[in-house]
Each structure stands twice: as C-alpha cells, then as structure tokens.
Amino acid sequence: MFYQSTRDSSLKITSAEAIVSGISRDGGLHVPESIPSLSLDEIKDLGGLGYPERAQRVFSKFLTDFSEDEIKNCVNSAYSSGGFDTENVMELRELKKGENILELWHGPTCAFKDMALQILPHLLTTSVKKAGVDKKVCILVATSGDTGKAALEGFKDAPGTEILVFYPENGVSAMQKLQMTTQEGNNVGVCAIKGNFDDAQTGVKKIFTDPEVAKVLSDNGIMFSSANSINWGRLAPQIVYYVSSYAQLVHDGKISLGEKINVCVPTGNFGNILAAYYAKKMGVPIKKLICASNSNNVLTDFIRTGVYDRNRRFYTTISPSMDILISSNLERLIYHLSGGDSEYVKSIYSELSATGRFEVNDDIKRSIKELFYADFCTEDETKATIGKINAEYGYTIDTHTAVAVGVYDKFVKDTGDCDCAVIASTASPYKFPAAVLEALGANGEYRDEFEMADRLNEISGMDIPKALSELKTKKPRFTGSVEKTEMLGAVYSLLKIK
Ligand SMILES: *Cc1c(COP(=O)(O)O)cnc(C)c1O
C-alpha cells in the first residue's frame, strides 16, 4: 500500500515516509492510494479481542511497510502500558436503546486526541528508523486546545524529537491552558499566539512548507514533522475506534452482524469524522455520517450546499476545540470523492487560499449528500443538551459531546431514523468545568477551575481525572506569547538556531 498526495496523485511513498514527513511537499495531504477492506467476518472476529489487537488488525491493512512486530510494539506501548484509565481504552455507554456514547477520553489528557497521540510518537520513531532518516525530528503543532496537550504528553522526552506547540492566546479553556503551560519534559516548548486557531494553523503550515526554512533546519540536522491531524499517523489510529465500536456492538448483542449504524461526530478540523468515513469505506456498516458543528458552522453549510465559504464571522464558543473555519482534512475527503483528481483538488484549494471560498462540482455534491448529514448547535442548545442528558440519564457530558448529542437529536427529529447510533464523546466534562457547571445551573463564584471541578464532582458523581487534579500544584513553565507573524522566530529559538 502506497500513499499519494491530494495535490499530486503521482506521488508514491510508503506509510513510514508519509508519517515522517507529516504534510506533502506540494502542500497537499497524504492519502492511501486505495482503501483496504475488512470483511464482516473479520470485523466480527475483532469483537473477541482487546483494543490493542483490534488496532493491530486495522493498522496492518494500512501500514503494509511495517512488520507485524513493529506494529505490535507500537500498539502495545500506546494502549496497554497504563496510559488509559480503562483497560478497554474506549468505552461504549448506552444512554438508551440504540443511542451509544463512545467515550474516547480515557487517555492521559482526557480528550479523544490521546487515542491517536499516544501512538503517533511510536509510529513516528519507528518510521524514522525505517525511512533511514538521520535527523532529529521537530514536531510543530497548532492547537485549538486538546491536540497541543495530547501531543506534548505523547512526545515528551521521546528520543530524537523536539516538540513545539502554538495555541491561540484567548481561544482555549483555563484548564487547557494550564495543562499546556505546565508541561514537563526536556524536548518541549509551548507558545501562545495573538490570534485564533486558524491563524496558528496557517502559520504552522506556512513554516512547514517553506523550502528556505527546511534548508536552514536541514543544515542543523533537523527536519519538521507534524502531529496535527494532517499527519496520516494521526488518522489511522482514529479509524480503529470506529471499527472497534461496531465489533463491540455486535459482540455485545446490541446489533446483528451487517446491521447498519449511524455515526455522529463533533467536528472541527474534520479528522475524526474522516476516520469514520474511512471505516465505512473499509466495510464497517455505517449508514450516515452525521457532522455536528458549533456556531462556526462552515461545514454544515458546505455539506448542505457544496459551497465552502470561510468568509464569515469567527465565534469563540464553549466548545473551543471546534472553533475552526478551515477544516484541513476536508481536502482528503474531496480528493477521494473526486476519484483521486489531484489537479481538481489543487485548483479548488488555490481558490480557497485566494478568495476564502470554493464550490465543489455536482458529482461531489451528490456523494456528500449521500454520505453525510450535517447540522449545528448554538451555544444555548449546547448548554440545554448538557442539562437534558444530565436530568434524563444522570450522565454528564462535555460541551463538544453536547454539540454532537444535540445534532443527533435534530437528525432523529428530521429524518425519523432511530437505528442504532454511535455518538463520539471527545472530552471529559472536567476539561470544561465552567461551561458545564453553567449548563447544569450551578454557575456561581468559584475561585478557580479546581473548585469548579470539585463542584462538578458533587453534581455528576464522576471521578475527577487525576491528570487534571494534579495540575493544581504545578507551576506554569511557558508564559510567553508572540504575534502571529513571529512564529518562525519562536521555532528557531526553541531549536537554538540563530
Ligand atoms: C479536536 C476535538 C474535536 C474536533 O475533532 P476534529 O478531528 O478536529 O474534527 C472535537 N472535540 C474535542 C474535545 C476535540 O479535542
């Protein structure tokens, strides 16, 4: 299995090369040349296995240049070495018959990003060896909050790597900020930028693809790679939990083998829902992919009309990890739906960077309509959903998950389709305690996020994750911020390049 670029379908590289480089030199994203299939029998067999073995089966279809042992070492280091607070790594929680919450936040940073970022450093260091690279790898991350911390945790003190994270100064929760600024490790750097997530992401992409910068790094024995969901090594691990969820539902007798399910995903950069698309294409019986957005509903409009238009107001919401107007991974979907037409992708993406807008052709519009359903939740709807789920089921969800649950309710009302559904739950409510407490009618005077967490604990009865409660005693190490035009300087300074 080889990988191509969305902007150059003649590119032919191994998965190790794709993982090492992160983004393609032409500015495109790496995609598998074909999507491997899983038979229903193979899926059924997964039901009897633990999460690491399920991951191994899925990875072996995509990372064909890795040996079985290499894959095994990676999945075991990530998923069976105690980093997750549940042995199953993910949990399916049935709210009511046919409505399942897929808890993806049992990792060390309490957000679903851990599902991929706990394994990415292992995939990357293995890939570096396999690709015969003799350089130090510098991981550059733009984060809307959760990726940054998850990447820092995954890469801290990983041999042969340095990691630098940029986050929007006013675009993350206090808990998220503290998680990042207190990060330990000798190869880490964290820097706030005066701008929003899109500014951070655009800045990172620019540094990443600048040949002059690459030359400077290379002269210093360093190369860039990415831990953002533009890296194929981030996406592949996300496919696993959709396959795994289906296998689990069959195994638990909740559905029969072959029965179709709907999948609803709270979406920002389009990585998580794209993984569900890949799972569907592999053969997992998924009917609709339900794309849930917050007030930054550029994807809702796109899926409904085929017009992607980022020229709109940017909202800072209570689900900050979804405050995104340029959803990078959409480029991969469009590439696949265009039948691998990299010239087409190149033309619409140069239009996007010139005008902030593009419109896909009728064929692609039709495919998107068939595959996806899209809607969004306002801030009030999101809060109301948290309250409703708590009242009805005694279960507390975070703001991002609430967007998904709210949109799923709209989907059911709109379509009458109540077939079995999996709703991705992407963060622990303790990561966003202020908004969750307000939604539960418990807003008041709190000294800090830790007092909020204690109150939330009283209301929800859910344990406070240790990784969050221990932040209380940690001192911030990284307090600087830079203009969005000064990001390159921050990179050189971390790498001690003049
Ligand atoms: C990153 C994130 C999302 C959005 O996921 P994408 O893959 O970027 O679409 C949703 N919820 C939470 C909590 C996140 O951290």
Side-chain angles (χ1 to χ4, degrees), residues 29 101-117 120 141-153 165 167-168 171-173 175-176 179-180 197-198 200-201 226-232 234-239 241-242 263-279 289-294 296-300 302-303 317-333 372 374 376-377 382 386 397-407 423-433 435-436 465 468:
L29 309 184
I101 302 287
L102 169 60
E103 294 179 351
L104 297 170
W105 39 261
H106 290 280
T109 75
C110 313
F112 92 97
K113 304 289 196 294
D114 289 325
M115 300 297 291
L117 282 163
L120 181 65
V141 182
T143 185
S144 56
D146 292 327
T147 302
K149 177 62 182 181
L152 288 162
E153 265 313 296
V165 171
Y167 70 92
V172 303
S173 82
M175 194 68 104
Q176 288 177 312
Q179 275 188 308
M180 289 188 279
F197 170 70
D198 288 317
Q201 179 163 258
S226 166
N228 275 101
S229 59
I230 53 177
N231 192 319
W232 179 251
R234 270 286 294 283
L235 266 174
Q238 299 186 346
I239 300 168
Y241 48 76
Y242 291 110
V263 172
C264 181
V265 185
T267 298
N269 218 2
F270 210 75
N272 201 1
I273 195 165
L274 184 73
Y277 164 81
Y278 281 123
L289 299 161
I290 304 166
C291 178
S293 300
N294 64 21
N296 295 296
N297 56 359
V298 62
L299 286 166
T300 312
F302 172 68
I303 289 170
T317 73
I318 53 171
S319 45
S321 301
M322 297 158 66
D323 290 347
I324 293 172
L325 292 180
I326 304 180
S327 300
S328 299
N329 275 293
L330 189 63
E331 180 169 339
R332 285 186 162 111
L333 178 76
F372 293 89
F376 72 102
C377 281
T382 305
I386 294 173
I397 54 177
D398 94 292
T399 47
H400 304 76
T401 308
V403 168
V405 173
V407 166
I423 302 169
S425 173
T426 48
S428 156
Y430 285 105
K431 277 199 101 161
F432 306 94
V436 173
L468 297 182

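FYI, the numbering just counts along the sequence from 1. Just follow the structure's listing: the first ligand is 1, and inside any ligand the first atom is 1.
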Verify side-chain contact (heavy atoms from CB on, under 4.5 Å) between N294 and T382, making sure each step is shown before the conclusion. CA-CA 8 Å; N294 64 21; T382 305; 5.6 Å; no
Can you spot which of N269, T143, N228 makes a side chain to side chain donor-acceptor pair (under 3.5 Å) with Q201?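 Running side chain to side chain donor-acceptor pair (under 3.5 Å) over N269, T143, N228 with Q201 returns exactly one hit, N269.
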Name the one of H400, Q176, Q179, K113 that satisfies side chain to side chain donor-acceptor pair (under 3.5 Å) with D146?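 The side chain to side chain donor-acceptor pair (under 3.5 Å) with D146 is passed solely by Q176 among H400, Q176, Q179, K113.
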Below 30° counts as parallel, above 60° as perpendicular, anything between as tilted: where do the rings of Y278 and W232 land?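 Perpendicular: the ring planes of Y278 and W232 meet at over 60°.
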Distances for all N or O pairs of ligand 1 and the protein under 3.5 Å?
unit_1   : atom_1 : unit_2 : atom_2 : d
ligand 1 : 7 (O)  : G271   : N      : 3.2
ligand 1 : 7 (O)  : N272   : N      : 2.8
ligand 1 : 8 (O)  : N269   : N      : 2.8
ligand 1 : 9 (O)  : G268   : N      : 2.8
ligand 1 : 9 (O)  : N269   : N      : 3.2
ligand 1 : 9 (O)  : F270   : N      : 3.0
ligand 1 : 11 (N) : T426   : OG1    : 2.8
ligand 1 : 15 (O) : K113   : NZ     : 2.6
ligand 1 : 15 (O) : D146   : OD2    : 2.5

Only counting residues at least two apart or in another chain, list the ones meeting side-chain hydrogen bond (donor to acceptor under 3.5 Å, both in side chains) with N231.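 N231 satisfies side-chain hydrogen bond (donor to acceptor under 3.5 Å, both in side chains) with no other residue.
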Give the intermediate values and the outcome of side-chain hydrogen bond (donor to acceptor under 3.5 Å, both in side chains) for residues S425 and T401. CA-CA 5 Å; S425 173; T401 308; 3.0 Å; yes
